[in-house]
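Let me begin by presenting the structure, written as structure tokens, before commenting on it.
Order of the sequence lines fixes the chain letters, A, B, ..., with proteins taken first and strands second; residue numbering starts at 1 for each chain. Model, not experiment: these values are computed from the prediction.
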Protein chains: 2
Amino acid sequence: MTTAPSASPDLSAVPDAELLRLDHQVCFSLHAASRAFGGYYRRALKDLGLTYSQYLVMLVLWEQGPQSVKALGERLHLDSGTLSPLLKRLEGAGLVRRERSREDERSVVVDLTGEGAGLRERALSIPRGVLAATGLSLEEVLGLQDILGRLTGALGEAVDDD
Amino acid sequence: MTTAPSASPDLSAVPDAELLRLDHQVCFSLHAASRAFGGYYRRALKDLGLTYSQYLVMLVLWEQGPQSVKALGERLHLDSGTLSPLLKRLEGAGLVRRERSREDERSVVVDLTGEGAGLRERALSIPRGVLAATGLSLEEVLGLQDILGRLTGALGEAVDDD
DNA sequence: CACAACTAAGTTGTGCACAACTCAATAGGG
DNA sequence: CCCTATTGAGTTGTGCACAACTTAGTTGTG
């Protein structure tokens, strides 16, 4: 396959105004897709009494068991300002326990209660529905994940070295 | 090139538990990418005094001129509950004007002030930096947009017919 | 014309995301 | 050993997203 000329234009030759329009399209489509996902989950998770973000936390706990708030935050890219109140709500709902670590009193370990662990059974049917609702093939989903992962990594680095 | 067998497995043969893991990665990677984007823009837009969402609204106004809150909401997939306070803040910052339409007193038309229109010049340099920070080629960006657009559409429909 | 149905904005309440901060516990260097 | 720097959670304040609701204005129908 030869290089398609129109598919890899010299970026520096594209005028600012054109890029502003493109930017509109890109950040908008990402933002919109993320919120559309949120909307789907909001309905799917209503029965379980979970929000989208709470579901993400539960997924980590179901997969990887008890861990500190810090570890959860690293996996989910969230800080304590977001996690602390969220975990409090999960605790209030009886799904998790929070306990100060004995080895390091600064650390709080989050663990599933029996009810929290049991909720996993009811969550098992959700992903198939989501996958169907996306209308994407498995290949497309995997390709999407790959690009999104690289995007997140690159943007994170760009922010780090300010 | 022949079809790669592992790339299109029979989805119904994949166990629920496996999908719960995959699912984690899909919704999570989108969520994470969206927030990483937001983080980049937060810094890039600090000088302009805009948030990410305010920037999206300004992009629409720069491109398409004065329009009702409803029209803005349709373009951005946002409702008045989100837009009303956001527009109030933009008005407070002196970037937009809000005026009741004379033809239809229910409707409020949002228009750029001179200052708001002028801000576009300072925004012109942003997209090039973002594009560079993503580390993606223009083809990948366009492909991403395409998939995200279909995703949003499909999820929206899935939610509509509940 | 009257009045019921609908529509456009705005308000209220809940939850998430994140910056900036506090506080207590720990680790490390002199 | 002390004491300074760092770390882990949590709190506070701001803004976004959205459901549910209110209010005012418009449309359509009998």
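B:Leu83 comes within contact range of no nucleotide atom at all, as no heavy-atom separation falls under 4.0 Å. Contacts of A:Ser107 with the nucleic acid, taken as non-hydrogen atoms under 4.0 Å apart, involve only primed sugar atoms and P, OP1 or OP2.
Taking only side-chain atoms of A:Arg42, from C-beta outward, the nucleotide of C:dC18, C:dG10, D:dA19 with the closest atom is D:dA19.
For the pair A:Leu45 CG and C:dT14 C1', the computed distance is 16 Å after rounding to whole Å. C:dG15 atom P lies 15 Å from atom CD of A:Glu91, rounded to whole Å. In this structure, the CG atom of B:Leu78 is 10 Å from the C1' atom of D:dC18, given to the nearest Å. Atom CG in B:Leu76 sits about 13 Å away from atom P in C:dA9, given to the nearest Å. Atom CG of B:Leu86 is separated from atom C1' of D:dT14 by 13 Å (rounded to the nearest Å). The distance between atom CG of B:Asp79 and atom C1' of D:dT22, rounded to the nearest whole Å, is 15 Å. The nearest whole Å value for the distance from the CZ atom in B:Arg75 to the P atom in C:dA8 is 15 Å. At whole-Å resolution of the value, CZ in B:Phe37 and P in C:dA17 are 18 Å apart.
Under the ring pair (Phe, Tyr, Trp, His ring centres under 6.0 Å) criterion, no residue pair touches residues 98-129 of chain A, with sequence neighbours excluded.
Nearest-nucleotide positions on DNA chain D for A:Ala36 and A:Val109 put A:Val109 closer to the 5' end. Along DNA chain D, the nucleotide nearest A:Lys88 and the nucleotide nearest A:Arg35 are compared for position; the residue whose nucleotide lies closer to the 5' end is A:Lys88.
Proximity of a side-chain donor or acceptor of A:Arg97 to a complementary backbone N or O of A:Asp111 within less than 3.5 Å is not detected. The main-chain N or O of A:Leu95 is found under 3.5 Å from a side-chain atom of A:Thr113 such that the two form a donor-acceptor pair. A donor-acceptor distance shorter than 3.5 angstrom exists from the side chain of B:Ser84 to the backbone of B:Ser80, with no hydrogens or angles considered. Between the side chain of B:Gln145 and the backbone N or O of B:Leu142 there is no donor-acceptor pair closer than 3.5 Å. With hydrogens and angles ignored, the 3.5 Å screen pairs no side-chain donor or acceptor of B:Gln64 with any backbone N or O of B:Leu61. With hydrogens and angles ignored, the 3.5 Å screen pairs a side-chain donor or acceptor of A:Thr152 with a backbone N or O of A:Leu148.
Taking the six-membered ring where the residue is Trp, A:Tyr55 and A:Tyr41 present tilted rings, their angle falling between 30° and 60°.
Put simply, the side chain of B:Ser80 and the base of C:dG10 share a donor and an acceptor less than 3.5 Å apart.
By the 4.0 Å N-to-carboxylate-O rule, A:Arg98 lies close enough to A:Glu91 to be salt-bridged with it. Salt bridge annotation for A:Arg102-A:Glu99: present, with a cationic side-chain nitrogen under 4.0 angstrom from a carboxylate oxygen.
Near-neighbour residues of DNA chain C inside residues 50-70 of chain B, defined by a heavy atom below 4.0 Å, number-ordered: B:Ser68, B:Val69, B:Lys70.
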Output a table of nitrogen or oxygen pairs between the protein and nucleotides 23-27 of chain C separated by less than 3.5 Å.
| residue | atom | partner | partner atom | Å |
| --- | --- | --- | --- | --- |
| C:dT26 | OP1 | A:Glu105 | N | 3.2 |

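With a cut-off of 3.5 Å on both Watson-Crick or G-U wobble distances, the partner of D:dG30 is given as C:dC1.
When the side-chain nitrogen and oxygen atoms of B:His77 are compared with OP1 and OP2 of D:dC18, none of them lie within a distance under 4.0 Å. Look at A:Arg98 and you'll find a side-chain N or O under 4.0 angstrom from OP1 or OP2 of D:dG10.
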